[in-house]
Amino acid sequence: MTRTKLAVYAIAHTVRKLAQGALDPEKVFTLLDHLGVEKIYLENYRDGLFVSPSELGKVRKLFEGKYEVAGGTCIGTWGEGWGRYVPEDHESFRVVCLTDERNLELLAKAGRELGSVFEEALIDDFWAQWCTCPYCVERFNSEFGLRVTPEALRRELARGDTPTARMWARFSTELLSRVSREFVVKPFREAGGKRIVDKVAEWREDFYVRGLFLPEVAKIFDGVYVGTESRERVSSYGSHYITLLVKELAGRVEGVWFDTYDGLGWARSVSVETYVEQLLASLTPLPPELTLFNLDDLLHPTREPHVSALERHAQPLREALAEVKGEPLGLLRPALQPPFSPVEDRYIEDYIGSIGIPLKPARSIPAGSCVLLTAKEVGLLDFSELAEKAKLILLTSGAVRRILRGDAGDAGYELLGADASDLVYDHFAASEFEYKGARAREGHRRACELPVGPVLKVPGAEVVVAASDGWERWPAVFKVERKGVEIVAACTIDYPYLLGQYPEIVNQALRDIAGEFLGVTAASSTWATLYNFTLHVYSDGHLVVANHNPHRLSARLRIDGEKAGFSGHPKLLAGSADLRETETGLAVELPPRSYAVIKIG
């Protein structure tokens, strides 16, 4: 692929300072040149501040000839002089109500003024249908023949998959789509703009209920950008996964974007280590463009360590990943958007990706595939059709639980080979696990009782991982065969426990299942648990590994050349790692909070 283009985004307040001479453009040029920035976005609106077309034009001339220049806007944000805004749900920011006439007038003004200066523009990710005010809910009731209150609606949305939540997702999508077409895209193009791209945020599980049905977004706008912010205390694997998901559903991703905030207090910056991990996880999906948000922050003295880290890592990473000619590989995930905000298995991909199992969203499932199904797909997928294509289906405990509730109908019972009558316990607390003859209890100073469930008696099931509380022994992971398809149920119900709580053999059992399909399997080189570790596999033999821990990490990569489609000697292209060839593949030693880009063959 071609090297990812590096861009920077200047918010409206920064653009105003440049227009008024309050910010020295030479200082900006120095920063951009040190980072290797090729493009800048200049914003015309944010939080009530409109930058006039004349000011935009003046600032545009400062950068033309040195960089590519495009427009930007943050039309979702509310400011003085606007109409209604989303109330107490969002105390840290206010977002416009899309049924308010005054707001619609100002949205059109922002789009029209932006299009009069720029042919290309990017919308920041506040653009969504956030509002559940009485006026929005009244319109919702009128269209769907309901009588819910705003409070009742919020309770329904918090419950996950309910009929009301599904109807609200449809209402939100239709409202956001109409407003986008009539009051954003149309005035932008009428004023001379040609290409307007919408950026979606990192909170992928809530897209649909906030009106962001990605195939529809891709039809309305000229492209889709992705927010890849992974702040403190969350897994950066989600940044990689969301980019692949949006690409699959929208058909293409125009670029990715992340910022310097820690997510704990918006005035504070993220740690430099987490910032670099965001950079890595934003580049591993191989996007055409990466935008740094925002210029004013990058110029602030508190961000000097972050800028230095970008100078050290951005260029080598972009150069190394530009050599990748293949596609990302992984355990397949159905690329679906649930018409509700999932409660069960919410962001589960971030956790599974963080124990060294790569995932890949797919709109269609090829024959002979290995597929991970979660609670989010139950009731949305045709299980009978899936069983005809897949070679192996891995079910989370959330998926098993929904099948037992009847949410997949008879096809679900047939797939699992069990129904509610086979349920022994919804869950039980295990203190010992066994896999392939190896037994393990809790690790050093960790939880002793670990949740397993649902516990089932399934006729003909093969126990893959057994769990015991000292009195009883039940399957934590079991396998059955149904019409030539292997069904594996991983009944480790609290998936955050995968990160350092379940013994290593539980995680390894899941890695082995995925690795049998991929041809590349990660395993710990020591007795220590392999977690906060990500693995990216590409079809042309490139690998990216990352250690997100504050300690060194040793991993073994078993490579089956026939299944993986590549083999050979390893070469380190970027990052820090000690590599050693083994009989079965590769041993990797990673320093704390580090990564390595590797070419095999």
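As a basis for the values below, the full set of heavy atoms in this structure was taken, side chains included, without hydrogen atoms, waters or symmetry mates.
By the neighbour-count criterion of 12 heavy atoms within 6.0 Å, atom CD of Glu516 is sparsely surrounded, having that number or fewer from other residues, nucleotides or ligands. Remark: Arg580 CZ is loosely packed, at most 12 non-hydrogen atoms of other residues, nucleotides or ligands lying under 6.0 Å away. The number of heavy-atom neighbours closer than 6.0 Å to NZ of Lys194, taken from other residues, nucleotides and ligands shown, is 12 or below. No more than 12 heavy-atom neighbours from other residues, nucleotides or ligands sit within 6.0 angstrom of NZ on Lys219. A 6.0 Å sphere centred on NE2 of His34 holds no more than 12 heavy atoms belonging to other residues, nucleotides or ligands. A 6.0 Å sphere centred on CZ of Arg252 holds more than 12 heavy atoms belonging to other residues, nucleotides or ligands. Atom NZ of Lys247 sits in a sparse spot, with 12 or fewer heavy atoms from other residues, nucleotides or ligands closer than 6.0 Å.
When only modelled atom types and interatomic distance are considered, Ser354 and Ser235 share a side-chain donor-acceptor pair under 3.5 Å. Side chains of Thr374 and Thr396: a donor-acceptor N/O pair is absent below 3.5 angstrom, by distance only. Checking Glu504 against Ser524 by side-chain atom types alone, no donor-acceptor pair falls below 3.5 Å. Between the side chains of Asn547 and Ser594, no donor-acceptor pair of N or O atoms lies under 3.5 Å. Side-chain contact check for Thr228 and Ser282: at least one donor-acceptor pair (N or O, by modelled atom type) lies under 3.5 Å. In this model, a donor atom of one side chain and an acceptor atom of the other lie less than 3.5 Å apart for Thr274 and Arg593. Glu43 and Tyr9 are linked by a side-chain donor-acceptor pair at a separation below 3.5 angstrom, with hydrogens and angles left out of the test.
Arg195 has a carboxylate O that lies under 4.0 Å from a charged side-chain N of Glu254, or vice versa, which qualifies the two as a salt bridge. Under a 4.0 Å N-O distance rule, the pair Glu349/Arg333 qualifies as a salt bridge. Classification of Lys5 and Glu68 as a salt-bridged pair holds, one side-chain N sitting under 4.0 Å from a carboxylate O. We find that Asp540 and Lys599 are not joined by a salt bridge, their nearest charged nitrogen and carboxylate oxygen being 4.0 Å or further apart. Ion pairing between a basic and an acidic side chain is recognised when a charged N comes within 4.0 Å of a carboxylate O; Arg558 and Asp512 show such pairing.
Residues Leu386 and Ile365 are in side-chain contact: their nearest non-hydrogen atoms beyond the backbone lie under 4.5 Å apart. By the 4.5 Å heavy-atom criterion applied to side chains, His548 and Phe533 are not counted as neighbours. Counting only heavy atoms from C-beta outward, the side chains of Phe293 and Asp124 approach each other to under 4.5 Å. For the pair Tyr67 and Lys39, the minimum side-chain heavy-atom distance is 4.5 Å or more. Between Leu395 and Val488, the closest side-chain pair of non-hydrogen atoms is not below 4.5 Å. Residues Glu229 and Gln278 form a side-chain contact, since some pair of their non-hydrogen atoms from C-beta on lies under 4.5 Å apart. Inter-residue side-chain proximity for Pro570 and Leu543 is flagged as unmet; no heavy-atom pair is nearer than 4.5 Å. In this structure the side chain of Leu510 never reaches within 4.5 angstrom of the side chain of Ile352, judged on heavy atoms.
At least one donor-acceptor pair under 3.5 Å links the side chain of Asn294 to the backbone N or O of Asp296. Checked by atom type and distance alone, the side chain of Asp350 never pairs as donor or acceptor with a backbone atom of Val234 at under 3.5 Å. Listed for the Glu248 side chain is a donor-acceptor partner under 3.5 Å among the backbone atoms of Arg363. The closest donor-acceptor contact from the side chain of Asn549 to the backbone of His551 lies at 3.5 Å or more, if one exists at all. Of the possible donor and acceptor atoms, one in the side chain of Arg511 sits under 3.5 Å from a partner among the backbone N and O of Ile355. A donor-acceptor pair is defined here as one N or O able to donate and one able to accept, closer than 3.5 Å; no such pair exists between the side chain of Ser369 and the backbone of Val371. Side chain of Gln337 to backbone of Leu214: a donor-acceptor contact under 3.5 angstrom is found.
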**Asked** Can you list the steps and then say if Glu38 with Arg318 is a salt bridge (charged side-chain N to carboxylate O under 4.0 Å, His left out)?
**Response** CA-CA 13 Å; Glu38 302 162 70; Arg318 290 160 63 213; 2.8 Å; yes
**Request:** Show the numbers, then the answer: is there a side chain to side chain donor-acceptor pair (under 3.5 Å) between His240 and Thr284?
**Result:** CA-CA 6 Å; His240 173 86; Thr284 51; 2.7 Å; yes
**Prompt:** So Arg231 and Asp259, salt bridge (charged side-chain N to carboxylate O under 4.0 Å, His left out) or not? Walk me through it.
**Reply:** CA-CA 9 Å; Arg231 312 189 195 283; Asp259 57 39; 2.6 Å; yes
**Asked** Going through the distances and angles, do Asp297 and Tyr261 end up as a side chain to side chain donor-acceptor pair (under 3.5 Å)?
**Response** CA-CA 10 Å; Asp297 288 337; Tyr261 310 130; 2.4 Å; yes
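Note: Arg346 CZ to Arg204 CZ = 9.5 Å, rounded to the nearest 0.5 Å. Atom-to-atom distance recorded for Leu280:CG and Leu317:CG is 6.0 Å, nearest 0.5 angstrom. For the atom pair Tyr351 OH and Asp345 CG, the distance stands at 11.5 Å (nearest 0.5 Å). Leu283 contributes atom CG, which lies 5.5 Å from atom OG1 of Thr4 (distance to the nearest 0.5 angstrom). In this structure, NZ in Lys571 is found 9.0 Å from NE2 in His542, a value given to the nearest 0.5 Å. Atom-to-atom distance recorded for Leu332:CG and Leu392:CG is 11.0 Å, nearest 0.5 angstrom.
The salt bridge (Lys or Arg N to Asp or Glu O under 4.0 Å) test with Arg3 singles out one residue from Glu289, Glu319, Glu323, and that residue is Glu319.
Classification of the Tyr502-Tyr497 ring pair by plane angle, with boundaries at 30° and 60°, yields tilted. Using the six-membered ring where Trp is involved, Tyr225 and Tyr41 have ring planes that are perpendicular, over 60° apart on the 30 and 60° scheme.
With a 6.0 Å cutoff to the six-membered ring centre and a 45° limit on the axis angle, Lys199 does not count as a cation-pi contact of Trp127. The cationic group of Lys391 does not satisfy the cation-pi geometry with Phe517, failing either the under 6.0 Å distance to the six-membered ring centre or the 45° limit from the ring axis.
A distance below 6.0 Å separates the ring centres of Phe258 and Tyr275. No close placement of the Tyr595 and His536 rings is indicated, their centers lying 6.0 Å or farther apart.
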